[in-house]
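Worksheet: the structure to be examined is printed underneath.
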Amino acid sequence: MAVGWKVHGDGKSPAPGQVVRPDERLSWPRTAGLGAQHVIAMFGATFVFPILMGLDPNLAVMMSGVATIVFLLIMQGRVPSYLGTSASFVGAVVAIRAAGGTSATVTGAILVAGLVLTAAGLAIHFLGTDVIHRVFPPVVTGAVVMLIGFGLAYVVADTYWPQDHWVALATMCFVFLVMVVFRGFIGRVAILLGLVFGYVLSWILDWKPGPITSLVPATGKVAPHDRVNLAGVAKADWFGLPQMHAPDFKTSAILLALPAVIALIAENTGHVKAVGEMTRTDLDPVIGRAVFADGVGTVLTSSVGGSPTTTYAENIGVMAATRVYSTAAYYIAAVVAILFGLCPKFGALVAATPGGVLGGITVILYGMIGVLGAKIWIENQVDFADPVNMVPVAAGVILAIGPVDHKITNDFVLSGIALGTIVVLVGYHVLRAIVPGRDAEPPHGRAGVREKAVPDPRPGGTAGSPTPEATAGP
């Protein structure tokens with residue numbers, strides 16, 4: 001059920017050896033505190049990724065709350081999860097904008113990908129989860145996750161890092177230390193703390209020694225400028241609706257966004273299995289519904305100009321640490337996120353994040369997404385001595401990292417992540433079909449999803465990515 005929670009025990013804490021189940025809650029003050037934790041856990045990535053995609057972070061935060069409520073209602077309260085901004089689309093969005101695409105083009109491509117995700121969810125629900133394993137075996141899933149991460153390396157090298165390489169380096173090192181040294185809540189919000197650290201460091205450097213001479217993204221030229229420009233913050237209102245826009249649909253942009261669907265299917269599968277394991281509930285029958293609900297969330301947010309959504313491993317980590325899986329806390333978190341989104345001044349402050357700070361953060365996030373792909377291969381014992389596995393993966397990853405452009409017509413070019421994904425997916429299945437004696441099933445019979453997927457509450461998961469014991473995507 002979605003509402004009407006039973007009070008667990010004395011309402012103060014989980015009983016020894018027990019968990020607070022999704023249809024239960026603690027006292028309302030404690031539940032509100034847990035909701036606040038969920039907001040903080042999802043917050044860093046939910047507003048960082050819209051900035052990387054050139055979308056409104058205020059709108060992304062607000063619509064993440066709306067999407068989360070829709071997800072909980074569709075799931076009838078069986079799967080507690082927060083839907084934050086997905087990292088899987090960042091590479092596609094960068095490519096779309098490099099080709100001259102506008103924010104409307106970006107959200108139009110994301111919306112269509114969301115529709116495909118909803119269709120995939122329906123197919124999984126009616127055909128069974130085995131359809132995932134047949135179409136997206138671990139070798140393919142891991143490759144797509146890897147090329148989505150490593151395919152963004154050029155964004156760090158060409159756009160963010162050159163704006164202030166010393167602040168980027170300092171921010172990166174700070175996040176390293178927080179992620180590794182702190183194992184609890186602080187470690188889980190390392191990205192958010194890194195952004196604050198870099199922001200303050202940039203402001204101090206503007207004060208003394210003064211402005212920096214580096215690349216200005218707005219002009220594409222090297223010139224003296226302040227690292228932090230708060231002019232937009234001063235002009236912004238305290239209360240108001242974020243700026244919304246209608247999507248625009250371009251075939252070339254849509255094809256660039258579609259590969260992210262593969263990562264989202266794997267990611268949602270891993271997260272549902274993780275929650276099922278921790279709550280001692282068989283949730284496999286609702287995996288298709290969860291994928292469908294995430295697709296609906298992405299369609300809903302992108303239809304008004306917002307960011308794509310995905311289930312967040314960071315929030316699963318909070319549940320693992322507290323043993324509280326109450327959906328009541330998620331409803332509270334969603335309402336708080338909606339209220340945050342209604343403060344334009346906050347959005348302007350986020351949008352003023354210096355490029356060097358984003359360089360230090362993204363070099364970690366993108367790299368971790370890529371490494372998660374290798375983790376899927378290792379956990380599923382993918383045999384790279386077999387050329388059917390090795391050849392398409394090797395080619396696809398290099399095409400993404402390039403990024404390599406493949407011109408189809410004057411108006412349609414496949415490049416980078418989209419081109420790499422097609423080569424991996426089509427190449428693997430074609431080669432396996434024409435080479436006799438190949439076994440279609442991976443060693444564990446799973447498409448990058450282990451039978452026991454329990455997220456580690458320690459830091460290390462990226463936004464919307466699986467934690468160390470859950471598999472799957474960025």
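Residue numbers start at 1 and run along the sequence shown. Hydrogens, waters and symmetry mates play no part in the numbers below; they use all other heavy atoms, side chains included. Bear in mind the structure is a predicted one, so any value in this text is a computation, not a measurement.
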For residues Gln243 and Leu59, determine if any side-chain heavy atom of one lies less than 4.5 Å from a side-chain heavy atom of the other. no
Side chains of Val61 and Thr85: closer than 4.5 Å at any heavy-atom pair? no
So Phe174 and Leu193, do their side chains get closer than 4.5 Å, heavy atoms only? yes
Would you check if the side chain of Ser302 reaches a backbone N or O of Gly305 as a donor-acceptor pair within less than 3.5 Å? no
Value rounded to 0.5 Å, distance of NE2 in His245 from OG1 in Thr107: 3.0 Å
Within the structure provided, determine whether Val393 and Phe384 are in side-chain contact (heavy-atom separation under 4.5 Å). yes
When you look at Glu24 and Val7, which way does the side chain to side chain contact (heavy atoms under 4.5 Å, CB included) test go after all the steps? CA-CA 6 Å; Glu24 298 177 330; Val7 177; over 6 Å; no
Where the side chain of Thr171 meets the backbone of Val357, is there a donor-acceptor pair that is under 3.5 Å apart? no
Run the side-chain hydrogen bond (donor to acceptor under 3.5 Å, both in side chains) check on Trp5 and Ser326 step by step: do they pass? CA-CA 8 Å; Trp5 301 271; Ser326 173; 4.6 Å; no
Might you point out which heavy atoms bring Val139 and Trp377 nearest each other, and give the distance in Å? O-NE1, 3.2 Å
Is it true that a side-chain atom of Asp294 and a backbone atom of Ala290 form a donor plus acceptor pair closer than 3.5 Å? no
Thr310 side, atom OG1; Leu264 side, atom CG - distance, nearest 0.5 Å: 5.0 Å
Indicate yes or no for a side-chain donor-acceptor contact from Thr298 to the backbone of Thr309 under 3.5 Å, with no hydrogens or angles considered. yes
For residues Ala257 and Ala92, report the shortest heavy-atom separation together with the two atoms involved. CA-CB, 3.8 Å
With distance as the sole criterion, is a donor-acceptor pair present between the side chains of Ser64 and Tyr82 under 3.5 Å? yes
As a quick check of understanding, evaluate side chain to side chain contact (heavy atoms under 4.5 Å, CB included) for Lys6 and Arg25, giving each step before the final call. CA-CA 6 Å; Lys6 297 176 292 185; Arg25 65 170 175 83; over 6 Å; no
Say you draw a straight line from CG of Leu258 to CG of Leu425; how long is it, rounded to the nearest 0.5 Å? 11.5 Å
Where do Pro392 and Gly427 come nearest, in terms of heavy atoms and distance? CB-C, 4.1 Å
Kindly say whether Gly77 contributes a backbone atom to a donor-acceptor pair with the side chain of Asp23 at under 3.5 angstrom? no
Donor + acceptor pair across side chains of Thr281, Arg21 (<3.5 Å): yes
Does any part of the side chain of Lys250, heavy atoms only, come nearer than 4.5 Å to the side chain of Asp248, both counted from C-beta? yes
Apply side chain to side chain contact (heavy atoms under 4.5 Å, CB included) to the pair Trp28 and Ile332, showing each step before the final yes or no. CA-CA 10 Å; Trp28 281 117; Ile332 291 174; 4.2 Å; yes
For residues Val424 and Leu147, report the shortest heavy-atom separation together with the two atoms involved. CG2-CD2, 4.2 Å
Distance (rounded to the nearest 0.5 Å) between Thr301 OG1 and Met62 CE: 10.5 Å
Over all heavy atoms of both residues, which pair between Phe71 and Ala293 is shortest? Give the atoms and the distance, please. CD1-CB, 3.4 Å
Identify the two heavy atoms, one from Pro308 and one from Met53, that lie closest to each other, and give their separation to 0.1 Å. CD-CE, 3.9 Å
Any chance you could measure Leu358, atom CG, to Leu195, atom CG, to the nearest 0.5 Å? 6.5 Å
Verify, without hydrogens or angle tests, whether Asn380 (side chain) and Pro138 (backbone) share a donor-acceptor contact under 3.5 angstrom. no
Keeping Thr31 on the side-chain end and Leu26 on the backbone end, is there a donor-acceptor pair under 3.5 Å? yes
Strictly by modelled atom types, are Arg97 and Ser103 linked by a side-chain donor-acceptor pair under 3.5 Å? yes
Here the gap from Ser303 atom OG to Leu111 atom CG, rounded to the nearest 0.5 Å, amounts to 6.0 Å
For the pair Val93 and Phe49, evaluate side chain to side chain contact (heavy atoms under 4.5 Å, CB included) and give the outcome as yes or no after the intermediate values. CA-CA 11 Å; Val93 171; Phe49 286 122; over 6 Å; no
Main-chain N/O of Asp383 paired with Asn389 side-chain donor or acceptor, under 3.5 Å: yes
